[in-house]
Amino acid sequence: MELIPDYEIDDLFKKTLENKNYNKISLNFWGKEKKYLEIEAFYIKENKEVMLIVNDYTPLNRMEENFKEFLGNASHELRTPLTSIQILIDLFSERKITLEEIYNEFFPHLRKEVERMSKLVSNLLNLSRLEAGVIELQLKDVNLNEIVFDIVERLTPHISKKNLNVTLKIPERVVITADPQHLDTIIFNIVENAVKYTPPAGSIDIGVEENVNNISLWIKDTGIGIPEKDLPRIFDRFYRVSKSRTNEDGFSTGLGLSIVKKLVERHGWEIKVESEVNKGTKFEIIIPKGKDGKRSD
Ligand SMILES: Nc1ncnc2c1ncn2[C@@H]1O[C@H](COP(=O)(O)OP(=O)(O)OP(=O)(O)O)[C@@H](O)[C@H]1O
Ligand SMILES: [Mg+2]
């Protein structure tokens, strides 16, 4: 009781002394931080003593909590578009709306929701493959300049719509060894975020720098920024700084950066982030030359 002042443990101790048997309890223990403990009590006949074994299952319990949150979020994300589709089917089968109305009013909306749903499912699939370790890297020599250029081109409709100023500061030829498809996923997600979280007329700079040991690719925006307390969590699955801050077109699963981080680590690289609220954010991928990154001219 001096060591762990908890009445449940005291009760367990007394109970075991009384029934001279094996007893077990689980409890949340609040010390400096919350711990999830399982405590086993054994009665030792010879000495008339009780032996307690304390198992700390805190890390396992935290994983279970994350998983529950993950399931809750995923089903919510999937249910919203499904409900819309169901309402539409009901209205149509009861002849409360015409094909014309569906075509004009519901289709644009529905297309967005279905796209959102497919994005969630393909992100989930990617993440689960990555976690299961099923994804093999197909390493090739890739020119960073070309990959970035192609991504910016694909995002041009969104960039123009928000009147963003994108500047590339990348040498014409920076060759690294990487899986081209996964490298595309990594950079696309970071640049897509920069576009999404930068208010109209802001700017995005993308650059590559090289020193003796590393090649570093950075993406810097003048967007809304990320509060310091949220920074360590943005790579968590489904984590979004604030639901209300997600973009208007609803294209946010909170999975992008968790996939990015896993892919970066799979290549043996490192990802860093710096951010200041209302000033902007800078992501940096550090590619060690000794590992997979190399440069040729
Ligand atoms: N450049 C950025 N500026 C400001 N906030 C950002 C930036 N990049 C990421 N964030 C914050 O980090 C969160 C997690 O990003 P992530 O890419 O994982 O998810 P998402 O963009 O919300 O959804 P998804 O990428 O799956 O559509 C975002 O919701 C956003 O709050
Ligand atoms: Mg994203």
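The shown structure was predicted, so the numbers you read here are calculated from the model rather than taken from an experiment. We count ligands from 1, going down the list as the structure has it; atoms in each ligand are counted the same way.
Those atoms of ligand 1 that come under 4.0 Å of a heavy atom in I234, given as number and element, are 12 (O), 14 (C). Each of the atoms 18 (O), 19 (O), 20 (P), 22 (O), 23 (O), 24 (P), 26 (O) of ligand 1 lies under 4.0 Å from some heavy atom of G254. Listed by atom number, the atoms of ligand 1 under 4.0 Å from K119 heavy atoms are 24 (P), 27 (O).
Judged by distance alone, the side chain of N145 and the main-chain N or O of P171 form a donor-acceptor pair under 3.5 Å. Between the side chain of T167 and the backbone N or O of D205, no donor-acceptor pair lies under 3.5 Å. Under the 3.5 Å distance criterion, the side-chain polar atoms of S275 are matched with a main-chain donor or acceptor of G280. Checked by atom type and distance alone, the side chain of R266 never pairs as donor or acceptor with a backbone atom of H182 at under 3.5 Å.
Electrostatic pairing of K261 and E265 counts as a salt bridge here, judged by a charged N lying under 4.0 Å from a carboxylate O.
Looking at L255 next to ligand 1, an N or O pair under 3.5 Å apart turns up. For ligand 1, the polar-atom distance check against N193 finds a nitrogen or oxygen pair separated by under 3.5 Å.
Contact annotation: for D221 versus ligand 1, heavy atoms closer than 4.0 Å belong to the side chain alone. When non-hydrogen atoms are compared, ligand 1 lies under 4.0 Å from the backbone of V241 as well as from its side chain. With a 4.0 Å cut-off on non-hydrogen atoms, L257 touches ligand 1 through its backbone as well as its side chain.
Taking backbone and side-chain atoms together, N193 has an N/O/S atom less than 2.8 Å away from the Mg ion (ligand 2).
If you check each of Y197, F235, F188 against atom 21 (O) of ligand 1, the one with the closest non-hydrogen atom is Y197.
A heavy-atom distance below 4.5 Å is not found between the side chains of I186 and I271.
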Given side chain to side chain contact (heavy atoms under 4.5 Å, CB included), test I9 with L27 step by step and report yes or no.
CA-CA 9 Å; I9 300 175; L27 58 99; 4.0 Å; yes
